[in-house]
Amino acid sequence: PPGRSAGLICFCSLNCRRVSGSLKQIDAGNGQVFGVNSANKIYTLYSGTWTQLSGSLKHVSVGPAGVWGVDANNYIHRLNHGDWVPVNGQLKQVDAGGMISPAGVNMNDYIYCLQGGQASSWTSLPGRLKYYSCGPNSCWGVSSGNQIYIMKGVTSNTCAGSLNWENVSGALSMIEVSTDGKVYGVNSSGDIFGRNHFNQPYRTGWRQVPFRQKVKHVSYDLGHLWVIGTDNSIMDCTE
């Protein structure tokens with residue numbers, strides 16, 4: 001395998017450990033880990049132990065924009081001092097990885113972001129995506145046909161970015177951007193792929209992450225790649 005070099009994702013020796021519990025979706029950011037199980041119960045990892053939170057969500061996200069989630073009816077909620085506060089609008093998937101602005105997609109794959117997380121209405125972006133995830137300066141998404149796109153120019157004052165989608169080679173069914181700009185995703189066959197920092201999106205391309213089982217969801221933060229298997233098992237992987 002290729003050796004490690006500056007700015008590249010290597011995966012030369014990925015060490016994974018099985019974490020107790022069962023989740024269908026997981027998200028890591030700002031040193032925190034949140035997830036939901038098949039019954040839509042919400043958990044966060046606290047001192048190495050899963051702690052259940054009140055409420056019911058089908059998708060949860062944690063990052064610089066806070067902790068956000070959507071319930072089974074696609075209503076949006078934000079965690080505020082331990083309580084889930086309803087937020088105007090409906091999304092099927094939400095992401096809190098942007099600097100201060102959450103983003104996501106609705107039931108018809110339309111794309112939105114909420115400027116500063118405090119605006120009265122969501123800003124609509126062009127195009128359609130089934131999954132959308134933001135990092136410090138760019139957002140990535142996948143379409144219903146598993147095509148991959150990047151939106152550059154995302155700032156604390158412009159959550160919608162440049163409004164110009166750039167197609168990226170490859171095919172993924174879900175994608176996540178970490179707070180340091182690394183990008184990971186899962187394809188329709190349950191294989192994991194990753195690539196380097198957002199400002200070098202075409203330099204090295206995707207690298208497959210060696211993994212012994214098929215997976216359906218991944219999230220990365222502070223050197224930890226969190227993996228959900230197709231059987232809802234949880235793995236914590238480090239290089």
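As the structure is a prediction and not an experimental result, all values here were calculated from the model.
Side-chain contact of Asn74 with Lys58: a donor-acceptor pair under 3.5 Å is present, judged by distance alone. Side-chain contact of Tyr46 with Gln32: a donor-acceptor pair under 3.5 Å is absent, judged by distance alone. A side-chain donor-acceptor contact under 3.5 Å links Asp95 and Ser133. Side chains of Ser178 and Asp180: a donor-acceptor N/O pair is present below 3.5 angstrom, by distance only. Using modelled atom types, one finds no donor on one side chain facing an acceptor on the other under 3.5 Å when comparing Asn15 with Thr238. Asp231 and Ser233 share a donor-acceptor pair across their side chains, judged by distance under 3.5 Å alone.
A donor-acceptor pair under 3.5 Å links the side-chain atoms of Trp165 to the main chain of Pro126, judged by distance alone. Side-chain atoms of Thr158 never come within 3.5 Å of backbone atoms of Gly161 as a donor-acceptor pair (strictly under, hydrogens ignored).
Scanning for side-chain hydrogen bond (donor to acceptor under 3.5 Å, both in side chains) contacts around Asn187 gives an empty result, with sequence neighbours left out.
Between atom CD1 of residue Ile228 and atom OG of residue Ser219 there is a gap of 9.5 Å, rounded to the nearest 0.5 Å.
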- Task: Run the numbers on Ser173 and Asn146 for side chain to side chain donor-acceptor pair (under 3.5 Å), then give the verdict.
- Result: CA-CA 5 Å; Ser173 55; Asn146 294 331; 5.1 Å; no

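Cys134 pairs with Cys139 as a disulfide, the SG atoms being under 2.5 Å apart.
Using a 4.0 Å cut-off between charged side-chain N and carboxylate O, Arg17 and Asp236 make a salt bridge.
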